[in-house]
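Let me begin by presenting the structure, written as structure tokens, before commenting on it.
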Amino acid sequence: MRPSLRLLTARAPFTPTGLTGVLTHPQPKPTLMAICNQTLSVLSTLPPHSVYRQSAESITKSRLAAISSIAPSSIPAPDLPHLAVVFRRILAELATSPSETKKLWAQAQLQHWTRVPPPAAAAPEILPNQTIDQASSVTSQADFTPETPAMGTVSREAVDEDQIEVPLELDMTAEEVSEAEGKIGEGLIEEVIEQAWAELRCAEAMKESAVWEPLEVQPEEGQWVAFERTPAEGKA
């Protein structure tokens, strides 16, 4: 019923979807593509034999292929850090809305976007008779202080986000959203985006924990025997 209902109404951003507390996403296609690409980037750092990497890559690539096939655009999809610049602006304004529903939704979405690191600084301009190292040195001396963390964990103050413009394609129509939801088969596009965020956080946690490495303390012989699953015995 929910997908059918959206076909009969105007698909306006931040309007009800039929799910309590979930509003219509203003830019579902670039958002899902950016999250999937970031997830695949994190997963690529895990060992190829990791079962989690194999299964998560399969799901993520399937979602990415489905959403990318809908109304292909000549505008390249922005990466997650640049898209985060856009949404931090939008959601900061929406969080002051007199509508309590919009305010709560914006606050929940900001929890995702504020965890995304800022875009990397632009590559230094190399002048005639100047090496790359010299150009980088000038840039770092002009823009950063000795306390500035390494790029990737750099504070947002080091990059002026107000000066960043991120081109986005036109919003998806209700028909295109319905087609994407049918291809992915995991509910509303807003639900798929939330699942994609969860997968990205899981991948980051798996990478940080290095779960594929040997245990620091090896279990004693037979420690897990009592928990093994054995076929049920019964009469034929």
Side-chain angles (χ1 to χ4, degrees), residues 28 30-69 76-85 87-88 107-121 123 132-133 136 140 144-159 183-187 189-234:
T31 298
L32 185 56
M33 291 178 66
I35 298 173
C36 286
N37 282 323
Q38 183 70 14
T39 301
L40 291 173
S41 177
V42 175
L43 290 172
S44 68
T45 64
L46 275 58
H49 65 266
S50 167
V51 176
Y52 168 72
R53 171 179 171 173
Q54 295 170 6
S55 59
E57 275 186 339
S58 176
I59 294 173
T60 304
K61 288 180 178 179
S62 175
R63 290 172 177 164
L64 183 58
I67 193 67
S68 300
S69 67
D79 59 20
L80 199 60
H82 281 88
L83 194 60
V85 172
F87 276 98
R88 282 193 282 265
Q107 291 171 350
Q109 291 299 308
L110 273 171
Q111 293 182 16
H112 293 312
W113 294 106
T114 53
R115 295 181 59 180
V116 178
I132 294 177
D133 291 339
S136 300
S140 61
F144 301 100
T145 65
E147 292 77 20
T148 301
M151 187 57 64
T153 58
V154 63
S155 63
R156 291 201 178 94
E157 288 73 14
V159 180
K183 286 188 174 183
I184 298 174
E186 298 175 13
I189 194 70
E190 288 79 10
E191 293 178 282
V192 178
I193 289 174
E194 287 300 315
Q195 294 164 20
W197 276 120
E199 194 68 76
L200 174 58
R201 301 304 171 218
C202 182
E204 292 172 337
M206 297 289 269
K207 176 183 177 180
E208 181 180 356
S209 302
V211 295
W212 56 86
E213 294 182 353
L215 296 174
E216 293 183 3
V217 179
Q218 294 297 322
E220 297 181 3
E221 185 178 354
Q223 179 174 340
W224 307 112
V225 171
F227 298 94
E228 291 181 354
R229 299 181 64 180
T230 56
E233 295 182 359

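Remember, it's a predicted structure, so these values are computed and weren't measured experimentally. All values below come from the heavy atoms of this structure, side chains included, with hydrogens, waters and symmetry mates left out.
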(message) Whether Glu204 and Arg201 form a salt bridge (side-chain N of Lys/Arg under 4.0 Å from carboxylate O of Asp/Glu) is what I want to check.
(response) yes
(request) Quick one: do Val192 and Ile67 satisfy side-chain contact (heavy atoms from CB on, under 4.5 Å)? Show the steps, please. (result) CA-CA 11 Å; Val192 178; Ile67 193 67; over 6 Å; no
(request) Evaluate the ring planes of Trp113 and Trp197, with Trp represented by its six-membered ring, and classify them as parallel (under 30°), tilted (30 to 60°) or perpendicular (over 60°). (result) perpendicular
(message) How close do Val42 and Leu46 get, counting heavy atoms only, and between which atoms?
(response) O-CD1, 3.5 Å
(request) For residues Ala203 and Tyr52, report the shortest heavy-atom separation together with the two atoms involved. (result) N-OH, 3.3 Å
(request) Only counting residues at least two apart or in another chain, list the ones meeting side-chain hydrogen bond (donor to acceptor under 3.5 Å, both in side chains) with Lys183. (result) Ser69
(request) List the atom of Glu191, the atom of Glu186, and the distance in Å for their closest heavy-atom pair. (result) CB-O, 4.2 Å
(request) Keeping the roles fixed (side chain from Ser44, backbone from Ser41), state whether a donor-acceptor pair exists under 3.5 Å. (result) yes
(request) Kindly compute the distance separating CD (Glu190) from OG1 (Thr31), expressed to the nearest 0.5 Å. (result) 10.0 Å
(request) Considering non-hydrogen atoms only, spot the tightest contact between Pro117 and Pro81 and give its length. (result) O-CB, 3.4 Å
(message) Would the distance check show the side chain of Thr60 and the main-chain N or O of Glu57 forming a donor-acceptor pair, the cut-off being under 3.5 Å?
(response) no
(message) If you count every heavy atom of other residues, nucleotides or ligands that lies below 6.0 Å from Glu208 atom CD, does the total exceed 12?
(response) no
(request) Flag the pair Leu64 / Thr39 as yes when at least one side-chain heavy-atom distance between them is below 4.5 Å, and no otherwise. (result) no
(message) Within this structure, what is the OG-CG distance for the pair Ser55 and Leu43, rounded to the nearest 0.5 Å?
(response) 8.5 Å
(message) Any heavy-atom pair between the side chains of Arg53 and Pro48 that's under 4.5 Å?
(response) yes
(message) Rounded to the nearest 0.5 Å, what separates atom CD in Gln109 from atom OG1 in Thr114?
(response) 11.0 Å
(message) With heavy-atom distances below 4.5 Å as the criterion, would you say the side chains of Ile184 and Leu32 are in contact?
(response) yes
(request) Could you tell me which non-hydrogen atom of Ala56 sits nearest to which non-hydrogen atom of Glu199, and how far apart they are? (result) CB-OE2, 4.0 Å
(message) Side chains of Lys61 and Leu40, heavy atoms from C-beta outward: is any pair under 4.5 Å?
(response) yes
(request) Please examine the side chains of Phe87 and Val116, heavy atoms only from C-beta on, and report whether any two atoms are closer than 4.5 Å. (result) no
(message) Does atom CD (Glu220) have a neighbourhood of more than 12 heavy atoms from anything else shown, all under 6.0 Å?
(response) no
(request) Taking the side chain as every heavy atom from C-beta outward, state whether Leu83 and Ile35 have any atom pair closer than 4.5 Å. (result) no
(message) Please give me the minimum heavy-atom distance between Pro118 and Arg88, naming the atom from each residue.
(response) CA-NH2, 4.3 Å
